[in-house]
Amino acid sequence: MKQEKALALLKSGKNIFLTGSAGTGKTYVLNQFIQHLKDAKINVAVTASTGIAATHIQGVTIHSWAGLGIKQKITEKELSYLKKQKSIRERFNKTKVLIIDEISMLHRDQLNSIHHILSYCRDNNAAFGGVQIILTGDFFQLPPIGDYTEKSKDKFAFMSDAWQFAEFTICYLTEQFRQENDYLSVILDEIRKGKVSTVAVNHLKNAATTEFPKDITPTKLYTHNKDVDFINNEHLLALPGKSRYFKAKTKGEKNVVDILKRSVLTSDDMAIRIGAKVMFVKNNPEKDFINGTLGEVIDYSDIGFPVVKTLDNNEITASLEEWTVTNDTGQTIASYQQVPLRLAWAITVHKSQGMTLDAAELDLSKTFERGQGYVALSRLRKLERLKLLGFNNTALQVDPLALKADRRFQELSEIADKEYTLEQLNSDRKLFVKKSGGRNLKKIN
């Protein structure tokens, strides 16, 4: 499906799953749709399954927006508590469109919970409480994090009851814009089909000898946190000056605190120096940062907190932030306080999802999850800007269930492409704008 038809379907008010391979313009189409909704004065909630993904669409995490937090499932008591919160109830009731980007990393149980939350709090038994739901992403990307005993069918969002109930129209984008006819697009296509040729493997092996010009600093991607931590610490120690240390403070039940620690992306004992490359790891729109905002430490505040200059040239003082876990009644049972930063010379493949990189140095020799290799390689525009230190067989594999689902998504997209004309969808758009209380139709393109 071409971008024009996909955008027209998004505007029609239907529940949509927007997908396609890396570089087909999913984020571009999504941003066009978001701008249309803003122009039409239609209230939209822009969210993503991860903080990094949220930065690319200027949104927040779906967990935060929906009041789900770090939970997978929602209980009746928790539903009742959310509904009693006036601000949450009003937020849900005024929302006409809910967007969730990088849906591949949202667990099946979490999508079901979001459906239950909206239906319950909006007093509407329709799918997602009658809100137009837009899911975007690619299931060849990284899967949700779940229990180690769970199989793919237990985790993927498209296996949820909520997915079936919503009756999504599939928009599968097919035009390639990122790889610019470079051989990298051939390699990625072969990985998606589950059949990687000897020629493709040899191209990847040859990427081990890539040398970058002096004016290009590649982003370093690794599959394991310990490798990323080693590189980041090495860079930190190479900086002049002394480190300042920030120690986390915790409160609450030990087992709940331990769970909370695993969900927080900063560290208990953090060392920072002037010149350190860092990433914010918490949402705080009021201070102009969200989970994934990148920058460099340029100074310290009067009371000793790091001052970060972001890539957008904003200067932000990274003071203490708090992460909490609440019980059914909203009472805090565990809390974690720390400066919301982590070093970012190197990042994990998980953290790279949604990024587009001009140059990258990858090590996929320890790949432990199908999809990691595809995610890492698809961040790049050209094969010549890749230095691949190593890779194993898992790096070239994708999940068999994702492979089967992708074929079906393509078929359903072709059916939708033939079924709807642009003229018909334009008429549906006008009706949806009116139904949603949008602006005068004459002013909407």
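This structure is a prediction, so every number in the text was calculated from the model and none was measured. Excluded from the calculations below are hydrogen atoms, water molecules and symmetry mates; all remaining heavy atoms, backbone and side chain alike, are included.
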Aromatic ring pairing W163/F168, orientation class (parallel under 30°, perpendicular over 60°, tilted between): tilted

Ionic contact status for R385 with E361, cut-off 4.0 Å: no

Parallel, tilted or perpendicular, as decided by the 30° and 60° cut-offs, for the rings of F289 and F280: parallel

Rounded distance [0.5 Å steps], CD1 in I133 versus CD in E167: 14.5 Å

S119 side chain to H116 backbone, donor-acceptor under 3.5 Å: no

Side-chain H-bond candidate by donor/acceptor type, D138 with T19, under 3.5 Å: no

Shortest non-hydrogen contact from I16 toward C171: CG2-SG, 3.8 Å

Donor-acceptor pair between N392 and S365 side chains, under 3.5 angstrom: no

Sidechain-backbone polar pair: Q132 side chain, K14 backbone, donor-acceptor under 3.5 Å: yes

Over-ring placement of K282 relative to W323, 6.0 Å and 45° cut-offs: yes

Euclidean distance, F409 CZ relative to F158 CZ, rounded to 0.5 Å: 5.5 Å

Exercise: do Q410 and D406 side chains pair donor with acceptor under 3.5 Å: yes

With L221, the side chain to side chain contact (heavy atoms under 4.5 Å, CB included) member among T348, V375, L362, L364: L362

N/O donor-acceptor pair under 3.5 Å between S436 side chain and G438 backbone: no

Electrostatic pair K309-E296, nearest N-O below 4.0 angstrom: no

Modelled atom types, side-chain donor and acceptor of E78 and T75, under 3.5 Å: yes

Between E321 and N284, a side-chain donor and acceptor under 3.5 Å: yes

Spacing of I187 atom CD1 and S378 atom OG [to the nearest 0.5 Å]: 12.0 Å

Neighbour count >12 (heavy atoms, 6.0 Å) for atom CG, N202: yes

Nearest-0.5 Å distance that lies between atom CE in M159 and atom CG in N112: 11.5 Å

Side-chain donor/acceptor of H115 to backbone N/O of A127, under 3.5 Å: no

Passing option when D399 is tested against R370, K404, K155, K153 for salt bridge (Lys or Arg N to Asp or Glu O under 4.0 Å): R370

E4, CD atom: more than 12 neighbouring heavy atoms under 6.0 Å: no

side-chain contact (heavy atoms from CB on, under 4.5 Å) between N93 and T95, intermediate numbers included: CA-CA 6 Å; N93 283 329; T95 299; over 6 Å; no

Candidate pair K220 and D363, rule salt bridge (Lys or Arg N to Asp or Glu O under 4.0 Å), full reasoning: CA-CA 8 Å; K220 299 178 186 291; D363 186 351; over 6 Å; no

Nearest non-hydrogen partners of K83 and R89, listed with the distance: O-NH1, 2.6 Å

Backbone N/O of D229 and side chain of N233: donor-acceptor pair under 3.5 Å: yes

Check: F368 ring centroid to H224 ring centroid under 6.0 Å: yes

Side-chain heavy-atom pair T47, T61 within 4.5 angstrom cut-off: no

Heavy atoms of other groups near N255 CG, more than 12 under 6.0 Å: yes

Sidechain-backbone polar pair: K387 side chain, A208 backbone, donor-acceptor under 3.5 Å: yes

side-chain contact (heavy atoms from CB on, under 4.5 Å) between R429 and H36, intermediate numbers included: CA-CA 11 Å; R429 171 187 60 79; H36 159 74; 3.8 Å; yes

Distance, nearest 0.5 Å, that separates CG of L37 from CZ of F432: 7.0 Å

Main-chain N/O of Y420 paired to K5 side chain as donor or acceptor, under 3.5 Å: yes

Test item: side-chain donor near acceptor, Q338 and T266, under 3.5 Å: no

Minimum heavy-atom distance I114-A66, with the two atoms named: CG1-CB, 4.3 Å

Check against side-chain contact (heavy atoms from CB on, under 4.5 Å), F128 and I117: CA-CA 8 Å; F128 296 93; I117 289 169; over 6 Å; no

Nearest heavy atoms of S49 and I62, plus distance in Å: CA-CG2, 4.1 Å

R91 side chain vs W65 backbone, donor-acceptor pair below 3.5 Å: yes

Modelled atom types, side-chain donor and acceptor of Y172 and D417, under 3.5 Å: no

Between OH on residue Y336 and NZ on residue K261, distance to nearest 0.5 Å: 6.5 Å

Whether Q3 side chain and T24 backbone form a donor-acceptor pair below 3.5 Å: yes

Sub-6.0 Å ring centroid separation between Y28 and F33: no

Evaluation steps, side-chain contact (heavy atoms from CB on, under 4.5 Å), between T210 and L383: CA-CA 10 Å; T210 300; L383 189 62; over 6 Å; no

Charged N-O contact under 4.0 Å between K366 and D227: yes

Minimum heavy-atom distance between A8 and L422, given as atom pair plus value: CB-CD2, 3.8 Å

Exam field: side chain T394 to backbone E369, donor-acceptor pair closer than 3.5 Å: no

Trace of the side chain to side chain donor-acceptor pair (under 3.5 Å) decision for E190 with S197: CA-CA 7 Å; E190 289 184 3; S197 66; 3.0 Å; yes

Residues Q35 and N31: side-chain donor-acceptor under 3.5 angstrom: no

